[in-house]
Each structure stands twice: as C-alpha cells, then as structure tokens.
Amino acid sequence: MGKVICVGLGPGDPELMSVKADRLIRSAGHVAYFRKAGRSGQARKIVNGMLAEGVTEYPMEYPVTTEIHFSDPEYNRLLAEFYDDWAVKLAKLVQGQDVIVLCEGDPFFYGSFMHLHSRLQDKAEIEVVPGITGMSGCWTATGIPITWGDDILTVMMATLPEEELTRRAADTDALAVMKIGRNLPKLKRALAAAGRLDDAWLIERGTMQGQRIARLAESEGDWPYFTIAVVHGQGRRP
C-alpha cells in the first residue's frame with residue numbers, strides 16, 4: 001500500500017527546494033501535477049531534468065481557471081467535481097505505489113492540494129512536504145526585509161472587494177497581496193486610498209528566470225495572475 005506524497009516545490013527556483021523534496025522527486029515512479037489545459041504547468045516546469053526515466057505522469061488539468069468568475073456557482077461546481085474525481089483516482093493509484101503530487105510554494109499555504117487533502121481523508125495515507133512560499137521568494141527578490149521588530153504582516157488576495165482591500169492595507173504594517181492579474185487597477189486604487197501605494201512593489205516570477213520587479217505606482221499593462229505585491233514594514237529596529 002502506497003501513499004500520496006505532496007511535495008512543496010518552493011517559490012520557483014529548483015535550487016530553493018528542500019533536500020527531502022529533491023530526493024522524493026528524483027526517486028519518484030509516479031508524479032501528478034496541476035496545470036491549465038493545454039499548458040505544460042508551472043510545477044512541471046520546475047522539475048524539468050529531475051524526473052527519472054520512465055516515470056509515469058498524471059497531469060491534473062483544471063476544468064476552469066479565469067474563464068468564469070469564482071463567484072459563479074458553475075465555477076465552484078466544476079472545480080468541486082474536478083477535485084472529487086482526482087481524489088478517487090489518486091486513492092486507487094496508491095493502492096500499489098506512492099504517488100508524488102507536485103505543488104508550487106507550500107502545499108498548505110493557498111495550495112490547490114488542500115482541496116485534495118480534505119477529500120483524501122480516510123481514503124489514502126497522506127504525507128505533505130512543506131516548501132518556501134512564493135511570497136517569501138518575492139519579497140526576498142526586492143532586497144528589502146518584509147518585517148521589522150513587532151510589525152504585523154497581512155496576506156490577502158487582490159480578488160477581495162476594493163473596500164476590504166483598502167481597510168486591511170490601512171490596518172497593517174507589512175503587506176503581501178496575491179492573485180493580481182486583472183485586479184491590478186482595483187488594488188492600485190485601494191492602496192492609494194490607504195496611503196500605501198508609494199511603498200508598494202510588484203514582483204512577477206520571483207526567483208525564476210524572467211523575474212520582473214517594479215514599483216506598483218509606476219506599473220501599467222498586463223501583470224500575470226500569480227504576480228505578488230508587497231509593502232515592507234518599517235517597525236521597531238535596534
């Protein structure tokens with residue numbers, strides 16, 4: 001009897017994986033990973049050159065990503081069905097061997113695997129290998145510490161209503177904002193209203209090839225959904 005082993009890949013640079021993650025991936029016989037239909041998938045790209053010859057791959061293709069707004073009941077129905085199906089498939093696969101599930105960042109920090117984890121309870125043995133979060137890789141890329149002393153760090157999604165973004169940005173010391181994409185104009189207005197816009201940075205593909213960093217106030221055009229915005233804390237220092 002095998003088990004489902006979800007491996008956190010870290011922020012994107014393969015050299016930032018844990019020793020344990022590297023060992024499990026290189027020795028894996030069966031590997032599953034999430035991806036958008038028709039794409040190779042970021043998690044799969046990170047492990048290029050690491051998989052053993054003859055490994056069996058299981059691309060788990062989302063039925064929908066940004067085509068439907070997440071508030072639409074159809075969005076939730078399609079994704080729930082997707083996770084239900086893959087939980088059943090993985091539970092069957094591990095009856096004969098371990099299956100490694102690749103997850104960007106840390107699996108328990110806004111990772112897609114959490115939806116499988118809850119569905120696999122009492123169906124399969126599960127192991128989770130933590131990884132460096134994507135936001136940690138992004139704020140490190142700015143070359144500035146994210147928090148000092150007793151700063152409070154808030155993590156939020158740019159998909160939140162504008163009023164909520166404004167309130168929370170004004171009520172914290174340091175800030176990390178995920179899921180940017182088409183929400184950039186809304187986030188910019190919210191940070192301006194909170195008096196934080198001039199201190200905000202955008203980081204695309206942190207730690208990876210093609211990394212891009214810019215002041216949020218000066219940023220226009222398209223920034224991918226997985227871009228992260230940060231505002232550094234300025235708290236107590238010796």
Side-chain angles (χ1 to χ4, degrees), residues 1-36 39-62 65 79 82-141 146-147 153 155 157 176 178-179 203 205-209 211 225-226 228:
M1 185 70 175
K3 58 184 174 179
V4 177
I5 307 174
C6 184
V7 174
L9 302 180
D13 181 348
E15 293 188 346
L16 293 177
M17 281 186 214
S18 68
V19 173
K20 184 173 185 177
D22 183 280
R23 173 177 57 79
L24 287 169
I25 291 166
R26 292 184 187 279
S27 62
H30 299 263
V31 174
Y33 47 88
F34 297 100
R35 73 180 185 187
K36 185 174 182 176
R39 303 285 183 86
S40 57
Q42 185 58 44
R44 180 61 181 81
K45 288 180 182 178
I46 293 172
V47 302
N48 275 346
M50 296 178 64
L51 299 180
E53 185 176 351
V55 65
T56 303
E57 300 187 30
Y58 306 94
M60 299 184 289
E61 296 189 336
Y62 295 114
T65 50
L79 280 180
F82 164 75
Y83 290 121
D84 287 344
D85 289 346
W86 270 104
V88 171
K89 291 176 183 177
L90 288 173
K92 290 180 179 178
L93 286 170
V94 297
Q95 290 178 10
Q97 64 276 313
D98 291 346
V99 177
I100 303 295
V101 178
L102 306 178
C103 186
E104 299 151 70
D106 181 278
F108 278 180
F109 190 75
Y110 300 109
S112 292
F113 180 74
M114 290 187 293
H115 302 287
L116 290 177
H117 183 268
S118 62
R119 289 166 167 81
L120 285 168
Q121 300 300 311
D122 302 320
K123 295 183 178 67
E125 185 178 353
I126 308 167
E127 179 180 349
V128 177
V129 179
I132 297 172
T133 65
M135 66 176 185
S136 179
C138 286
W139 67 52
T140 301
I146 189 65
T147 50
L153 169 65
V155 180
M157 306 298 115
M178 304 168 66
K179 301 183 180 179
I203 305 95
R205 300 179 65 81
T207 79
M208 292 178 273
Q209 187 175 3
Q211 174 179 285
Y225 183 71
F226 289 109
I228 291 178

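In terms of heavy atoms, Ile228 sits closest to Gly134 at CD1-C, 3.9 Å. Contact between Gly131 and Asp106 at its shortest, heavy atoms only, is N-OD2, 3.1 Å. For the residue pair Met114 and Pro107, the shortest heavy atom distance occurs at CG-O, 3.3 Å. Listed here is the closest heavy atom pair of His30 and Gln97: CD2-CG, 3.3 Å. The two residues Val4 and Ala124 come nearest to each other via the heavy atoms CG2-CB, 4.4 Å. Looking at every heavy atom in both residues, Leu102 comes nearest to Phe34 through O-CD1, 4.4 Å.
A side-chain donor-acceptor contact under 3.5 Å links Asp98 to the backbone of Lys3.
Between Gln42 and Phe226, the closest side-chain pair of non-hydrogen atoms is not below 4.5 Å. Using a 4.5 Å heavy-atom threshold, the side chains of Ile126 and His117 count as touching. Using a 4.5 Å heavy-atom cutoff, the side chains of Val88 and Lys92 are in contact. Residues Glu104 and Lys45 form no side-chain contact, since every pair of their non-hydrogen atoms from C-beta on lies 4.5 Å or further apart.
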Exercise for review: With salt bridge (charged side-chain N to carboxylate O under 4.0 Å, His left out) as the test, would you mind laying out the steps for Lys89 and Asp85 before giving the verdict?
Suggested key: CA-CA 6 Å; Lys89 291 176 183 177; Asp85 289 346; 5.9 Å; no

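Inspection of the Glu57 and Tyr33 side chains reveals an N or O donor paired with an N or O acceptor under 3.5 Å.
Ring orientation note: the planes of Tyr58 and Trp86 are nearly perpendicular, at an angle over 60° on the 30°/60° scale.
Within 6.0 Å of CD on Gln209 lie no more than 12 heavy atoms contributed by other residues, nucleotides or ligands. In Phe109, the CZ atom is crowded: over 12 heavy atoms of neighbouring residues, nucleotides or ligands sit closer than 6.0 Å.
Expressed to the nearest 0.5 Å, how far CZ of Arg35 lies from OH of Tyr62 amounts to 12.0 Å. Interatomic distance, Leu116 CG to Lys123 NZ, rounded to the nearest 0.5 Å: 11.0 Å. Taken from SG in Cys6 to CD1 in Ile100, the straight-line distance is 9.0 Å, to the nearest 0.5 Å. Here the straight-line distance linking atom CD1 of Ile46 with atom SG of Cys103 works out to 9.5 Å at 0.5 Å rounding. From Ser27, atom OG reaches atom CE of Met50 across 10.0 Å, with rounding to the nearest 0.5 Å. With rounding to the nearest 0.5 angstrom, the CD1 atom of Ile25 is 4.0 Å from the CE atom of Met17.
Ring-centre distance between His115 and Phe82: not below the 6.0 Å cut-off.
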